[in-house]
Enquirer: 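I'd like to ask some things about the structure below.
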Amino acid sequence: MKKTGKRTIQRIASAFLAFAMAVSVSGMGEVEAAKPKKHIAVIYFSATGTTKGAAKKIQKSTKGKLLEIKAADPYTEEDLDYTDDDSRVSKERDSAPSPAKSKVRPEIANLKAIKKAIKKADVIYLGYPIWNGEAPHILYTLVEQVSLKGKTVVPFCTSASSGMGSSAKHLKANAKISSKTKWLKGRNFYEIPSQKTVDRWIKKLKY
């Protein structure tokens with residue numbers, strides 16, 4: 001075969017290879033475009049700092065926006081005394097058989113900022129301590145006043161002696177959600193978890 005013929009074949013082969021690579025890269029771009037990045041918000045209420053510690057680990061793992069639910073009337077140490085029947089938490093507990101049925105709804109000081117963060121997010125990690133086997137009444141203020149329609153909600157809680165129980169189920173029953181809302185099972189942490197523990201959980205959730 002003449003040299004000119006060989007050069008022609010080489011040029012054709014090179015052009016074909018370049019075309020194939022361009023198609024491959026284009027296809028990869030289409031796959032990436034089909035899976036947009038999820039916007040995540042980690043919203044939590046913490047009275048003693050334990051739930052805050054868990055929320056920070058979740059934020060680090062997910063790179064989401066971290067926001068604390070701040071009570072307009074902050075809970076003091078005396079308010080949290082379960083042994084005192086006249087304490088704030090005791091009165092909230094005794095206001096109804098469960099927080100879901102209570103009319104007590106503590107005001108949230110930064111509700112506007114939380115609404116804005118949730119509106120922008122696709123996935124909401126919702127954290128709280130367990131009080132008398134349930135989520136605090138202030139969590140009901142949130143789920144009843146802020147729309148979670150179309151969101152993926154991942155509840156998490158902290159409790160030294162009991163698990164999540166029916167707390168997430170009761171919150172869901174009172175929440176502003178839709179048929180497109182994904183309310184996941186969530187989990188309880190008995191103390192502030194290690195980053196490794198949280199990372200494994202987040203990886204398993206794929207959110």
Side-chain angles (χ1 to χ4, degrees), residues 28-71 108-131 134-136 138-160 162-207:
M28 289 174 64
E30 289 176 1
V31 171
E32 291 176 357
K35 293 183 178 180
K37 181 180 178 181
K38 295 286 186 181
H39 294 282
I40 295 171
V42 183
I43 312 295
Y44 72 94
F45 171 70
S46 184
T48 64
T50 305
T51 307
K52 180 178 182 178
K56 282 180 149 183
K57 299 291 177 67
I58 293 171
Q59 187 278 329
K60 185 176 181 179
S61 186
T62 62
K63 310 302 181 186
K65 183 176 180 62
L66 184 68
L67 267 176
E68 180 180 2
I69 300 170
K70 297 179 180 180
I108 297 174
N110 59 333
L111 186 63
K112 186 176 181 180
I114 292 173
K115 281 184 176 180
K116 185 176 180 181
I118 288 178
K119 185 177 182 180
K120 292 182 178 180
D122 304 299
V123 181
I124 315 296
Y125 283 84
L126 187 60
Y128 52 90
I130 292 293
W131 288 0
E134 293 284 357
I138 197 167
L139 265 293
Y140 287 86
T141 304
L142 177 67
V143 300
E144 290 172 0
Q145 295 188 28
V146 182
S147 175
L148 296 170
K149 294 178 180 179
K151 309 295 183 180
T152 295
V153 181
V154 187
F156 68 95
C157 63
T158 57
S159 173
S162 62
M164 181 169 280
S166 299
S167 63
K169 180 181 178 181
H170 291 164
L171 284 171
K172 180 182 178 181
N174 280 45
K176 294 173 68 175
I177 60 177
S178 66
S179 59
K180 293 184 179 180
T181 300
K182 294 181 181 178
W183 194 289
L184 305 189
K185 183 179 179 180
R187 70 166 294 174
N188 171 69
F189 297 102
Y190 289 98
E191 58 185 359
I192 298 176
S194 68
Q195 190 62 56
K196 186 176 181 180
T197 295
V198 171
D199 290 345
R200 283 200 302 261
W201 178 53
I202 299 299
K203 185 177 181 180
K204 187 176 180 180
L205 287 176
K206 298 180 180 179
Y207 285 109

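The first residue in the sequence is number 1, and the count goes up from there.
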Enquirer: Are any side-chain N or O atoms of S194 and backbone N or O atoms of T197, one a donor and one an acceptor, separated by less than 3.5 Å?
Expert: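 Flag set: sc S194 to bb T197 pair under 3.5 Å.
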Enquirer: For the residue pair S167 and I130, what are the closest heavy atoms and their distance?
Expert: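 Heavy atoms only, the tightest pair is OG-CD1, 3.6 Å.
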Enquirer: Is there side-chain contact between T50 and P129, with at least one heavy-atom pair below 4.5 Å?
Expert: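 They are not in side-chain contact.
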Enquirer: Just so I know, are the side chains of T141 and F45 near enough to count as touching, which here means a heavy-atom distance under 4.5 Å?
Expert: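 No, their side chains stay 4.5 Å or more apart.
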Enquirer: Answer whether the closest heavy-atom distance between the side chains of L139 and L126 falls below 4.5 Å.
Expert: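 Result yes, sub-4.5 Å side-chain heavy-atom pair found.
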Enquirer: Check G150 against T181 and note the closest heavy-atom contact, atom names and distance.
Expert: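 It is N-OG1, 3.2 Å.
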Enquirer: Please report, to 0.1 Å, the donor-acceptor pairs under 3.5 Å made by any side chain of residues 111-124, with sequence neighbours excluded.
Expert:
{"residue": "D122", "atom": "OD2", "partner": "H39", "partner atom": "N", "Å": "2.8"}

Enquirer: CD/Q195 to CD1/I58 distance, rounded to the nearest 0.5 angstrom?
Expert: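 So the gap between those two atoms works out to 9.5 Å.
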Enquirer: Atom CD1 in I192, atom NZ in K52: separation rounded to 0.5 Å?
Expert: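 I192 atom CD1 to K52 atom NZ measures 10.0 Å (nearest 0.5 Å).
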Enquirer: Provide the closest heavy-atom pair for Y140 versus A135 in the form atom of the first, atom of the second, distance.
Expert: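 Minimum heavy-atom separation between Y140 and A135: CE1-O, 4.0 Å.
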Enquirer: Considering only heavy atoms from C-beta outward, does the side chain of I177 approach that of V153 to under 4.5 Å?
Expert: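 No, their side chains stay 4.5 Å or more apart.
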Enquirer: Quick test of your reading: applying side-chain hydrogen bond (donor to acceptor under 3.5 Å, both in side chains), list the pairs with at least one residue in residues 53-65, sequence neighbours left out, ordered by first then second residue.
Expert: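 Applying side-chain hydrogen bond (donor to acceptor under 3.5 Å, both in side chains) to every pair that reaches into residues 53-65, excluding sequence neighbours, yields S61-D199.
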Enquirer: Give me the atom names and distance for the closest heavy-atom approach of W183 to A175.
Expert: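 It is CZ3-CB, 3.9 Å.
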Enquirer: Rounded at 0.5 Å granularity, tell me how far CZ in F156 sits from OH in Y125.
Expert: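 That separation rounds to 9.5 Å.
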Enquirer: Would you say the side chain of I202 lies within less than 4.5 Å of the side chain of Y207, judging by non-hydrogen atoms?
Expert: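 Side-chain contact under 4.5 Å: no.
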Enquirer: Examine distances only and state if a side-chain atom of T51 and a backbone atom of G127 form a donor-acceptor pair shorter than 3.5 Å.
Expert: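 No, because the side chain of T51 does not come within donor-acceptor range (under 3.5 Å) of the backbone of G127.
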Enquirer: Quick one: CG on L67 to CD1 on I43, what's the gap to the nearest 0.5 Å?
Expert: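 So the gap between those two atoms works out to 4.5 Å.
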Enquirer: To the nearest 0.5 Å, tell me how far K176 NZ sits from K149 NZ.
Expert: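 Rounded to the nearest 0.5 Å, the NZ-NZ separation comes to 6.5 Å.
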Enquirer: Any side-chain heavy atom of I69 within less than 4.5 Å of one from Y128?
Expert: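 No. Closest side-chain heavy atoms not under 4.5 Å.
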Enquirer: Got a second to check how far E68's CD is from Y44's OH, nearest 0.5 Å?
Expert: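 Between atom CD of E68 and atom OH of Y44 there are 4.0 Å.
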Enquirer: May I ask you to decide if S159's main-chain N or O and N188's side chain share a donor-acceptor pair within less than 3.5 Å?
Expert: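 Checked: pair present.
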Enquirer: Is a side-chain donor or acceptor of T158 paired with a backbone partner of Y190 at a separation under 3.5 angstrom?
Expert: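 No: the side chain of T158 does not pair with the backbone of Y190.
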